[in-house]
There are 2 protein chains.
Amino acid sequence: MEATEHDKRKCPSHLSTGECNKQLLPVKDALDILSGKWKLQIILSLTFGKKRFRQIQREIPGLTPKMLSKELKELEINELAVRHVYDTLPVTIEYELTPYGRTLKPLIAELHKWGTKHRKRIIAGSRKKSG
Amino acid sequence: MEATEHDKRKCPSHLSTGECNKQLLPVKDALDILSGKWKLQIILSLTFGKKRFRQIQREIPGLTPKMLSKELKELEINELAVRHVYDTLPVTIEYELTPYGRTLKPLIAELHKWGTKHRKRIIAGSRKKSG
DNA sequence: CCGAATCCTACGCGATACTG
DNA sequence: CAGTATCGCGTAGGATTCGG
C-alpha cells in the first residue's frame, strides 16, 4: 500500500486519472459504434455485400429513411462504410463496408459469443428490454 | 410481459427470419450489458475488488446514488455482481463482481483493442460525442 | 452510510410529409 | 430512388430531497 494515494477520486485507486480515461474512452468509442437501435443491423446487412439505400431499408423493417440516413452518415464518418455514386439515370447509390469496417467482425463475434452464453444463463425467461 | 413479437422481422435475404434474430439478439444482449453512461465504469471499478456503495460513487465523479443503485441492481439481475450485507453497526454493504462477471473482461479487452485502433485512426482530432 | 421517491430535461427515435 | 424537414413521444439520466 502506497502512502501517496489519497486524492485520486476519479479512478480506481491504483490508476491515475489519465490512465483511467485511457482505459475507458476507447471502450466507449467501440461501444458507441455498435450501440443504438439500428447500427448493428445495418452493419450486418452490409457485411453481405453492397446495398442500395432502399434495399437496406427494406431488409430492416421499421427502419425509417431518416434513421438510415443518419446511421449511414455516421458509418461514413467513422470510415466503416463508403458511399458509391454511379452516374446512371437516375443516379444509383450503393453503400459498402470498407475493409476497415470488416474489422468489426471479430468484435461482433465476441459479443455474439458472450451474449449467447448470457442468454442461456439468464435472459431466456426473464428480461425487460432488448425486445 | 409478453414480448415475443420479434419473429416477424425481415432479414438479409439469404437468412431466414429465425436465423437472423439468432444472430442479432445475443449481440444486442451483450451490448446492452455494457452500454449506458455508467455501466462500464462501475464494472471496471469492481474489477479491482469489493467496493462499498459510497466508495464506488466517489470513484466515479458525476454518478448519482440513483443511477448507481439502478445499475447495481441490473448487475445483480444479470448475475454479474453480488451484494454482500454485513451485519455491522451501521450495516456494511459491499458489492463484488462474480466470477461470471469477470468473464466480461476478455470482451471488454476486445472492445478496448478495437477502440484504441479506432481512436488512432479517426477520433483523435474530430468527433462529436463520447469525448 | 445506503439507498428510495419525486420532479425535470435532453435526446434517440418514430410518424409523416416533402424535395430532387 | 435517395434522401430532408417537422413534429412529438418515451425514456435514460440529472438534481434534489427524504428515510432507515
Side-chain angles (χ1 to χ4, degrees), chain A residues 9 24 28 31-43 45-46 50-78 81-96 127-131, chain B residues 3 5-6 8-10 28 31-43 45-46 50-78 81-96 127-131:
Chain A
R9 323 176 343 193
L24 205 57
K28 290 203 167 187
L31 243 24
D32 207 50
I33 296 290
L34 297 173
S35 62
K37 190 166 183 179
W38 305 109
K39 291 224 182 69
L40 195 59
Q41 293 177 69
I42 294 170
I43 291 171
S45 168
L46 287 178
K50 288 181 172 182
K51 298 276 173 70
R52 301 179 63 174
F53 191 92
R54 286 248 42 183
Q55 194 174 0
I56 301 172
Q57 200 194 337
R58 258 181 273 116
E59 284 180 2
I60 305 176
L63 177 55
T64 61
K66 170 186 164 186
M67 290 311 294
L68 178 54
S69 175
K70 180 191 156 200
E71 304 294 11
L72 285 172
K73 265 173 197 160
E74 288 191 26
L75 289 179
E76 283 187 78
I77 289 172
N78 289 294
V82 277
R83 193 179 116 122
H84 299 289
V85 181
Y86 301 104
D87 207 352
T88 56
L89 192 64
V91 88
T92 304
I93 293 172
E94 287 186 334
Y95 292 89
E96 183 183 19
R127 198 63 197 296
K128 56 271 166 78
K129 21 175 159 174
S130 74
Chain B
E5 49 107 324
H6 52 261
K8 294 221 61 173
R9 304 269 191 85
K10 250 186 99 198
K28 290 203 167 186
L31 243 23
D32 207 50
I33 296 290
L34 296 172
S35 63
K37 190 166 182 180
W38 305 109
K39 290 224 183 68
L40 195 60
Q41 293 178 69
I42 294 171
I43 290 171
S45 168
L46 288 178
K50 288 181 174 183
K51 299 274 175 69
R52 301 181 61 176
F53 191 93
R54 286 249 38 182
Q55 194 174 359
I56 301 171
Q57 200 194 336
R58 257 180 274 116
E59 283 181 2
I60 305 176
L63 177 55
T64 61
K66 171 188 164 185
M67 291 310 296
L68 179 53
S69 175
K70 180 190 155 199
E71 305 293 13
L72 286 172
K73 266 174 199 161
E74 289 192 25
L75 290 179
E76 283 187 78
I77 289 173
N78 289 294
V82 277
R83 194 179 115 122
H84 299 288
V85 181
Y86 301 104
D87 206 354
T88 55
L89 192 64
V91 87
T92 303
I93 293 173
E94 286 186 336
Y95 293 88
E96 184 184 18
R127 197 64 197 294
K128 54 286 154 75
K129 21 172 159 175
S130 75

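Computed from a predicted structure; not experimentally measured. We name chains A, B, ... by the order of the sequence lines, and we start the count at 1 in each one.
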Handout entry: Nearest non-hydrogen partners of B:Asp32 and B:Lys39, listed with the distance
Key = O-NZ, 3.6 Å
Exercise for the section: Ignoring backbone atoms, establish whether A:Lys73 has a side-chain N or O less than 4.0 Å from OP1 or OP2 of D:dT4. Expected result: yes
Exercise for the section: Using the side-chain contact (heavy atoms from CB on, under 4.5 Å) rule, take B:Lys37 and B:Glu71 through it: C-alpha gap first, then chi angles, then the decisive distance, then the call. Expected result: CA-CA 10 Å; B:Lys37 190 166 182 180; B:Glu71 305 293 13; over 6 Å; no
Practice task
Taking only the side-chain nitrogens and oxygens of B:Arg52, find out if one of them lies under 4.0 Å from OP1 or OP2 of C:dC2.
Solution key: yes
Exercise for the section: Please report, rounded to the nearest Å, how far the C1' atom of D:dT11 is from the CG atom of B:Asp32. Expected result: 13 Å
Exercise for the section: Indicate, with a heavy-atom threshold strictly under 4.0 Å, whether A:Pro65 touches base, sugar-phosphate, or nothing. Expected result: base
Exercise for the section: State, with a plain yes or no, whether a side-chain heavy atom of A:Arg83 is found less than 4.5 Å away from one of A:Ile93. Expected result: yes
Exercise for the section: Quick one: label B:Gly62 by what it contacts on the DNA or RNA (base, sugar-phosphate, nothing), any heavy atom closer than 4.0 Å. Expected result: nothing
Practice task
Provide, to the nearest angstrom, the distance between the CD1 atom belonging to A:Ile60 and the P atom belonging to C:dC13.
Solution key: 13 Å
Handout entry: Criterion side-chain hydrogen bond (donor to acceptor under 3.5 Å, both in side chains) against B:Lys51, the qualifying member of B:Glu59, B:Gln57, B:Glu94
Key = B:Glu59
Exercise for the section: Taking only the side-chain nitrogens and oxygens of B:Ser69, find out if one of them lies under 4.0 Å from OP1 or OP2 of C:dA4. Expected result: yes
Handout entry: Whole-Å distance separating the CD atom of B:Glu76 from the P atom of C:dG3
Key = 9 Å
Exercise for the section: Grab the CD-C1' distance between A:Gln55 and D:dA2 for me, whole Å please. Expected result: 13 Å
Handout entry: Under-4.0 Å side-chain N/O to phosphate OP1/OP2 contact, A:Arg54 with D:dC1
Key = yes
Practice task
Could you state the atom-to-atom distance from CD of A:Glu71 to P of D:dA2 in whole Å?
Solution key: 18 Å
Handout entry: B:Lys70 side-chain N/O to C:dA4 phosphate OP1/OP2 under 4.0 Å
Key = no
Practice task
Just compare C:dG14, C:dC2, D:dA2 and give me whichever is closest to any side-chain atom of B:Arg83.
Solution key: C:dC2
Exercise for the section: Examine D:dT17: is either OP1 or OP2 under 4.0 Å from a nitrogen or oxygen in the side chain of B:Lys66? Give yes or no. Expected result: no
Handout entry: Whole angstrom value for the distance that separates C1' of D:dC1 from CD1 of A:Ile56
Key = 13 Å
Practice task
Report yes if a side-chain nitrogen or oxygen of B:Trp38 is closer than 4.0 Å to either non-bridging phosphate oxygen (OP1 or OP2) of D:dA12; otherwise report no.
Solution key: no
Completion exercise
Rounded to whole Å, the CG-C1' distance (A:Leu72 to D:dA2) equals 11 Å
Handout entry: Reference residue B:Tyr95; test side chain to side chain contact (heavy atoms under 4.5 Å, CB included); the match among B:Lys50, B:Arg52, B:Glu76
Key = B:Glu76
Practice task
Let me know the distance between CE of B:Met67 and P of D:dT11, rounded to the nearest Å.
Solution key: 15 Å
Practice task
Tell me whether the OP1 or OP2 atom of C:dG3 has a side-chain N or O from B:Tyr95 closer than 4.0 Å.
Solution key: yes
